[in-house]
Amino acid sequence: MKKILLGTVLALGMAAPASAADLSARPYVKAPPPVVAPIYDWTGFYIGANGGWGQSHNCVDFVTLAGTVASGCRDRSGGVVGGQIGYRWQTNQFVFGLEAQGDWADLSNTRVSLFNPTLSTTVKTDGIGLFTGQLGWAWNASLFYVKGGAAVTSNRLFIFDNTTGVGLVSADNTRWGGALGVGWEYGFAPNWSAGIEYDHLWMGHANNSFSVTDPRLAAVLNDRISQDVDMVTVRFNYRFGGYGVPVAAKY
């Protein structure tokens, strides 16, 4: 009996290493790659549309041989709608750009003339253009920027009789001035962005010379119009090119 038990123990001891050797090795699992997240890149050409609200502040003066006589000032607000095209390039978080913008406008004001209360003047702005440079700061898909440059407006002046409504004088002029603005834009989808912008235009003074047989205007050599314009617009842009560059997320 003792011999049988001893033999069994010896047999089990010899079989144990063989069984352990037969076990399969634990499979190797590779660590997952780092998460790659796209960073919004504002570089590229873009084209878009805009629309919103504008207000024009106009003052009309009549210049005579005796001196300048004020005819009055007035504000008038209305709608603006148009488009823009430009190019931006991004360096780190700084964004630089150039843009041209054109808008149709309906900004007109009419008031009784202080020069002669039997007359009224209407000043109308029907077109606005901006040619500006941009400097912005980007937080991924969010962009805050300031802009400045040249501005141009298309204007018409009417002088008419209050009683009959008959027009006595009309004049067209294109006026150049300066513009300064600020805006915020957000990339809500690949290549698409939307934002809001405020611009102020300083258009200075412009003169219109005319000769009229009406005795009320016979002494007038020309008129002088000063103008400022404020605009608030909502903008949508499509940017050509890639969405962004992937970078490894940091932990």
Side-chain angles (χ1 to χ4, degrees), residues 46-63 68 70-86 97-113 115 119-134 147-161 165-183 196-212 217 220-237:
Y46 64 90
I47 188 170
N50 71 80
W53 166 90
Q55 177 173 277
S56 178
H57 176 76
N58 294 278
C59 296
V60 180
D61 299 324
F62 289 111
V63 180
T68 301
S71 181
C73 301
R74 190 170 183 180
D75 297 337
R76 181 61 183 267
S77 60
V80 295
V81 62
Q84 63 274 347
I85 186 171
L98 296 171
E99 182 181 274
Q101 175 180 333
D103 285 83
W104 169 86
D106 184 19
L107 310 177
S108 63
N109 58 66
T110 300
R111 68 166 299 147
V112 175
S113 174
F115 173 74
L119 304 175
S120 287
T121 59
T122 296
V123 180
K124 181 177 182 179
T125 300
D126 55 16
I128 299 172
L130 301 176
F131 305 92
T132 55
Q134 295 182 0
K147 61 187 291 187
V152 59
T153 58
S154 173
N155 306 276
R156 298 199 71 186
L157 167 70
F158 303 93
I159 303 175
F160 58 91
D161 183 271
V166 174
L168 304 176
V169 173
S170 65
D172 301 324
N173 68 68
T174 300
R175 182 178 307 162
W176 286 89
L180 185 63
V182 60
I196 187 170
E197 182 176 295
Y198 165 76
D199 297 291
H200 181 80
L201 284 58
W202 293 271
M203 305 311 299
H205 303 280
N207 293 330
N208 296 304
S209 60
F210 52 84
S211 59
V212 184
L217 295 172
V220 176
L221 302 177
N222 57 56
D223 69 86
R224 182 177 64 191
I225 303 174
S226 61
Q227 181 188 46
D228 289 340
V229 178
D230 293 286
M231 298 171 58
V232 178
T233 53
V234 175
R235 299 155 54 92
F236 292 90
N237 287 325

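Scanning all heavy atoms of the two residues, the minimum distance from Q227 to S56 falls at NE2-OG, 3.2 Å. Across all their heavy atoms, A179 and A150 have their closest contact at CB-O, 4.4 Å. Residues G165 and F160 come closest through the heavy atom pair O-CB, 4.2 Å. H57 and C73 make their closest contact through CE1-CB, 4.1 Å (heavy atoms, listed as atom of the first residue, atom of the second, distance). A105 and V80 get closest at one heavy-atom pair: CB-CG1, 3.8 Å. Residues V112 and S120 approach most closely at CA-OG, 3.6 Å, considering heavy atoms.
In this structure, D106 CG and D126 CG are separated by 9.0 Å, a value rounded to the nearest 0.5 Å. Taken to the nearest 0.5 Å, the CZ atom of R156 stands 12.0 Å off from the CD1 atom of I225. From R76, atom CZ reaches atom CG of N109 across 7.5 Å, with rounding to the nearest 0.5 Å. Taking CG of D172 as the reference point, atom OG of S154 lies at 7.0 Å (rounded to 0.5 Å). Within the model, atoms CG of D75 and CZ of R111 stand 10.5 Å from one another, a figure rounded to the nearest 0.5 Å. Between atom CD1 of residue I85 and atom CG of residue L98 there is a gap of 12.0 Å, rounded to the nearest 0.5 Å.
In the displayed structure, F236 atom CZ is contacted under 6.0 Å by at most 12 heavy atoms of other residues, nucleotides or ligands. The 12-atom threshold is not exceeded at NZ of K124, counting heavy atoms of other residues, nucleotides or ligands nearer than 6.0 Å.
Residues Q55 and L107 form no side-chain contact, since every pair of their non-hydrogen atoms from C-beta on lies 4.5 Å or further apart. With contacts defined as side-chain heavy-atom distances shorter than 4.5 Å, the pair N155/M203 does not qualify. The shortest side-chain heavy-atom distance between L157 and N173 does not fall under the 4.5 Å cut-off. When side chains are defined from C-beta on, Q84 does not count as touching D103, because their heavy atoms never get closer than 4.5 Å.
Take W202 and apply the ring-ring contact (aromatic ring centres under 6.0 Å, His included) test, not counting sequence neighbours, and it matches H200.
Inspection of the E99 and Y46 side chains reveals an N or O donor paired with an N or O acceptor under 3.5 Å.
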